[in-house]
Colleague: 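Take this structure, written in structure tokens, and hold onto it; I'll ask about it next.
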Amino acid sequence: MQVGDLAKYLPTSTVGKITDIKEKDGVTWVRLDYTDLYYDAANLTEADPSEYIEVSFKERSSFERGMKSIEDIKRETQEVDISEFTPSGGG
């Protein structure tokens with residue numbers, strides 16, 4: 001494997017283009033462009049070009065902006081007031 005090759009992370013089937021390779025403590029780490037994360041090379045295999053979907057920086061940035069933080073989710077769940085709901089159904 002070398003920079004520019006396509007690789008698939010077997011546990012999750014994540015496919016990306018290799019952007020960096022480094023070794024630390026005897027383990028080879030490979031960064032994939034799709035997630036911008038490093039993966040243990042022992043869990044990677046060569047990927048078929050048909051499996052690769054290129055994601056532009058603009059698309060990735062808009063996706064990340066749409067994500068809610070854990071604090072936002074906690075706030076939303078704490079603000080729910082169920083006293084206004086009336087029970088319905090049989091009984």
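Quick caveat: nothing in here was measured; it's all calculated off a predicted structure. These values consider heavy atoms only, across backbone and side chains, with no hydrogens, waters or symmetry-generated copies.
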Colleague: With a 4.5 Å heavy-atom cut-off, do Leu37 and Tyr9 have their side chains touching?
Modeller: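 No, side chains not in contact.
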Colleague: Got a donor-acceptor contact below 3.5 angstrom from the Asp33 side chain to the Thr19 backbone?
Modeller: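 Side chain of Asp33 to backbone of Thr19, a donor-acceptor pair under 3.5 Å: no, none is there.
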Colleague: Work out which heavy atom in Lys8 is nearest to a heavy atom in Ala47; give both atom names and the distance.
Modeller: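 Reported closest heavy-atom pair: N-CB, 3.9 Å.
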Colleague: Quick one: do Trp29 and Ile21 satisfy side chain to side chain contact (heavy atoms under 4.5 Å, CB included)? Show the steps, please.
Modeller: CA-CA 6 Å; Trp29 296 95; Ile21 300 173; over 6 Å; no
Colleague: Once you round to the nearest 0.5 Å, how far does OH of Tyr52 lie from NZ of Lys17?
Modeller: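 Here the rounded value is 4.5 Å.
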Colleague: Taking the side chain as every heavy atom from C-beta outward, state whether Leu10 and Leu44 have any atom pair closer than 4.5 Å.
Modeller: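 Of all side-chain heavy-atom pairs linking Leu44 with Leu10, none is under 4.5 Å.
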Colleague: Residues two or more places apart in sequence or in another chain: which of them pass side-chain hydrogen bond (donor to acceptor under 3.5 Å, both in side chains) with Asp20?
Modeller: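 With sequence neighbours excluded, Asp20 shows a side-chain hydrogen bond (donor to acceptor under 3.5 Å, both in side chains) to Tyr38, given in chain and number order.
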Colleague: For the CD atom of Gln2 and the CD1 atom of Ile18, what is their distance to the nearest 0.5 Å?
Modeller: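 Here the interatomic distance stands at 8.5 Å.
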Colleague: Just checking Glu23: does its CD atom have more than 12 heavy atoms from other residues, nucleotides or ligands closer to it than 6.0 angstrom?
Modeller: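 Yes, CD of Glu23 has more than 12 neighbouring heavy atoms, counting only those of other groups under 6.0 Å.
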Colleague: Where is the tightest heavy-atom contact between Arg31 and Asp36, given as atom of each residue plus distance?
Modeller: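 Result for this residue pair: CD-OD1, 3.3 Å.
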Colleague: Starting at CD of Glu51, measure out to CG of Leu6 and round the result to the nearest 0.5 Å.
Modeller: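 Output value for this atom pair is 9.0 Å.
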Colleague: Can you name the closest pair of heavy atoms from Ala41 and Val30 and give their distance?
Modeller: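 Minimum heavy-atom separation between Ala41 and Val30: CB-CG2, 3.9 Å.
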Colleague: If you compare all heavy atoms of Thr14 against all heavy atoms of Tyr39, which two are closest, and at what distance to 0.1 Å?
Modeller: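 Taking Thr14 first and Tyr39 second, the nearest heavy atoms are CG2-OH, 3.9 Å.
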